[in-house]
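Inspection log for the structure reproduced underneath, given as structure tokens.
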Amino acid sequence: MAEQQVQDMLDQVQNQLLQEQIRKTCFGKCFQGSDFPSGMTKNHKICLAKCMDRMTEARQIVQTAMTQVGQQQQQQMQQQGGFGGF
């Protein structure tokens with residue numbers, strides 16, 4: 001399997017996990033005890049939009065941090081000859 005295909009599959013899985021987390025977190029928070037979707041008010045929509053924005057932003061922060069850590073580890077391995085200096 002090509003590297004791009006693997007990356008595409010990982011991206012798809014991450015997006016599915018994010019959507020599931022948004023459903024669990026945001027819908028649970030914004031629609032407590034209400035009759036969704038028939039009881040969706042303007043306040044529900046605002047709450048949902050803000051929650052989704054926070055979740056998406058958090059995902060981007062984590063992704064950036066993980067990329068940086070991966071790059072640092074790769075640089076360290078290259079400096080050590082690839083196998084921790086063995």
Side-chain angles (χ1 to χ4, degrees):
M1 189 176 292
E3 186 175 333
Q4 185 59 45
Q5 288 176 317
V6 171
Q7 187 60 47
D8 290 345
M9 287 175 59
L10 287 173
D11 289 344
Q12 184 178 8
V13 168
Q14 286 179 342
N15 285 333
Q16 288 173 347
L17 290 172
L18 176 64
Q19 289 174 1
E20 183 63 27
Q21 189 64 39
I22 286 172
R23 263 193 296 278
K24 288 180 180 178
T25 302
C26 297
F27 279 80
K29 177 180 183 271
C30 297
F31 295 99
Q32 293 177 346
S34 64
D35 186 24
F36 176 78
S38 62
M40 192 168 180
T41 66
K42 182 179 176 180
N43 288 337
H44 289 123
K45 292 176 185 178
I46 291 169
C47 178
L48 190 58
K50 286 181 179 181
C51 184
M52 291 172 67
D53 287 345
R54 284 192 303 270
M55 297 287 289
T56 302
E57 184 179 349
R59 176 182 179 247
Q60 290 171 342
I61 290 168
V62 169
Q63 246 181 338
T64 300
M66 290 179 68
T67 299
Q68 290 173 348
V69 167
Q71 289 171 347
Q72 290 171 352
Q73 288 177 342
Q74 187 176 20
Q75 288 172 353
Q76 288 175 351
M77 287 182 67
Q78 288 172 349
Q79 290 172 352
Q80 296 174 353
F83 295 103
F86 294 137

task: Taking side-chain hydrogen bond (donor to acceptor under 3.5 Å, both in side chains) as the test, write out the residues that go with Q74, two or more places apart.
output: none
- request: Report the residues that fulfil salt bridge (Lys or Arg N to Asp or Glu O under 4.0 Å) with E57, sequence neighbours left out, ordered by chain and then residue number.
  value: none
Rounded distance [0.5 Å steps], CG in D53 versus NZ in K50: 10.0 Å
query: Does K45 have any side-chain contact (heavy atoms from CB on, under 4.5 Å) partners at least two apart in sequence or in another chain, and if so, which?
result: M40
Salt bridge (charged side-chain N to carboxylate O under 4.0 Å, His left out) pairs, two or more places apart, involving residues 9-32: E20-R23
query: How far does SG of C47 sit from CZ of F31, to the nearest 0.5 angstrom?
result: 7.5 Å
- prompt: So which heavy atom on C26 is nearest to which on L48, and how close?
  reply: CB-CD1, 3.7 Å
task: With sequence neighbours excluded, tell me which residues meet side-chain hydrogen bond (donor to acceptor under 3.5 Å, both in side chains) with Q21.
output: T25
query: Do we see a donor-acceptor contact under 3.5 Å between the side chains of Q4 and D8?
result: yes
- request: Please name all residues satisfying side-chain hydrogen bond (donor to acceptor under 3.5 Å, both in side chains) with N43, sequence neighbours left out, ordered by chain then number.
  value: none
task: Enter the distance from M9:CE to Q5:CD here, rounded to the nearest 0.5 Å.
output: 8.5 Å
- request: Quick one: pull up CZ in F27 and CE in M52 and give me the separation to the nearest 0.5 Å.
  value: 7.0 Å
task: Measure the spacing between CZ of R59 and CE of M55 and express it to the nearest 0.5 Å.
output: 10.5 Å
